[in-house]
Amino acid sequence: MTRDPAFPPLMQGHAVDAGIDPFEKACAMAALGCDAGTIVHNVGANRLAAALIMAPEVALEQAMAMLPTCGVGFQNALGAIAPPEVAVHLEWAGGLRVNGASCGRLRTMAGTTDPAAMPGWLVVGLELPLMLTDAVPGDAPDRTALYEEGCADVDPVALLEGWARHTLVWITRWEDEGPRALHSEWRGLAHGIGEEITIDGPDSTKLAGTFMGVDENFGMLLRTGGDTRLIPLSTVLETDT
């Protein structure tokens, strides 16, 4: 039987059954006025899913820094308990990569989509496959699961607890020190900087170019030809569950 996770002060857990999506549940709870710091979670045999509810006191475009913050928190948490050869990298839009292959994602939704407005609430969800259930290892080389990457001894509850702790540390640093330290940590983990990439743009269009880096609010700088375009991080927000 899976034990209940223990979270740091300022955070509290809310477990849900396997048939309930923690991200959708967290967004519904946040919209109704749930306390910030609540982590809705489900730890199953094949998947770890969780969502952190926050109440930013800055405009949405600045608050979107919570997406890379949660990514850095995840890398720090897994890095503390996984074998040293396990490498974690973070995609700009929230994708997670373990040893180079796609392994789950972070996703986000907020109380507004207006980049200049205070969102009231913001939720970042974590989805991490623990075991491959729909593919034979090797059949999908760009997709993996945690236990396929030498992490079979990693306790997913301990990983969830670590994600909460490390994310809280980075939220506090971001609030107290500004974005510089977070930028530095994230850039060392970012996947694809300096490479040709294709991302989802507005209205389901595809944008291709060279990923040059990010601005102070983690907006993507995408160079196409001689032009560099800024893609705000708020464009990755989900608008409906």
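The basis for the numbers below is simple: all heavy atoms, side chains too, and nothing from hydrogens, waters or symmetry mates.
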Under the rule for salt bridge (charged side-chain N to carboxylate O under 4.0 Å, His left out), what residues qualify as partners of Arg105, not counting sequence neighbours?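 Residues passing salt bridge (charged side-chain N to carboxylate O under 4.0 Å, His left out) with Arg105: Glu127, Glu238.
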Where at least one partner belongs to residues 84-97, residue pairs that pass salt bridge (charged side-chain N to carboxylate O under 4.0 Å, His left out), sequence neighbours excluded: Glu91-Arg97, Arg97-Asp142
same_hphob_cluster(Leu159, Met131) at 4.5 Å side-chain heavy-atom cutoff: yes
Answer yes if Met118 and Val123 sit in the same cluster of Ile, Leu, Val, Met, Phe, Trp and Tyr residues linked by side chain heavy atoms under 4.5 Å apart, and no otherwise.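 No, no single cluster joins them.
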Any side-chain heavy atom of [X] within less than 4.5 Å of one from [Y]?
X	Y	value
Asp35	Ile53	no
Trp186	Val214	yes
Arg47	Leu128	no
Met54	Ile171	yes
Ile20	Asn42	no
Leu233	Pro68	yes
Trp121	Cys27	yes
Ile197	Leu222	yes

Please round to the nearest 0.5 Å and tell me the distance separating atom [atom1] of [X] and atom [atom2] of [Y].
X	Y	atom1	atom2	result
Met109	Phe23	CE	CZ	5.0 Å
Trp170	Gln75	CH2	CD	10.0 Å
Leu106	Leu90	CG	CG	7.5 Å

Could you walk me through whether Leu146 and Leu78 pass the side chain to side chain contact (heavy atoms under 4.5 Å, CB included) check? CA-CA 10 Å; Leu146 190 65; Leu78 184 57; 3.8 Å; yes
More than 12 heavy atoms of other residues, nucleotides or ligands under 6.0 Å from CG of Asp176: yes or no?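 Enclosed: over 12 neighbouring heavy atoms sit under 6.0 Å from CG of Asp176.
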State whether the number of non-hydrogen atoms from other residues, nucleotides or ligands found under 6.0 Å of Glu57 atom CD is greater than 12.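 At most 12 heavy atoms, drawn from other residues, nucleotides or ligands, come within 6.0 Å of this atom.
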Decide yes or no on side chain to side chain donor-acceptor pair (under 3.5 Å) for Glu149 and Asn99, but give the supporting numbers first. CA-CA 7 Å; Glu149 300 301 326; Asn99 292 337; 2.8 Å; yes
Between Arg107 and Asp21, is there a side-chain N and carboxylate O pair less than 4.0 Å apart?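 Yes.
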Please determine whether a side-chain nitrogen of the Lys or Arg among Arg3 and Glu161 lies less than 4.0 Å from a carboxylate oxygen of the Asp or Glu. yes
Just checking, is any N or O donor in the side chain of Trp163 or Asn76 under 3.5 Å from an acceptor N or O on the other one?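 Checked: Trp163/Asn76 side chains show no N/O donor-acceptor pair below 3.5 Å.
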For the side chain of [X] and the backbone of [Y], is there at least one donor-acceptor N/O pair under 3.5 Å apart?
X	Y	value
Thr210	Met212	no
Asn217	Gly219	no
Thr228	Arg223	no
Thr167	Ala164	no
Glu61	Ser234	yes

Tell me if the aromatic rings of Phe218 and Trp92 count as close, with their centers under 6.0 Å from one another.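 Here the rings of Trp92 and Phe218 have centres that are no less than 6.0 Å from each other.
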Criterion ring pair (Phe, Tyr, Trp, His ring centres under 6.0 Å) on His41 and Phe7, from CA distance to verdict: CA-CA 12 Å; His41 59 88; Phe7 295 114; 5.7 Å; yes
Kindly indicate, with the supporting measurements, whether the criterion side chain to side chain contact (heavy atoms under 4.5 Å, CB included) is fulfilled by Ile199 and Leu207. CA-CA 5 Å; Ile199 63 169; Leu207 300 175; 4.0 Å; yes
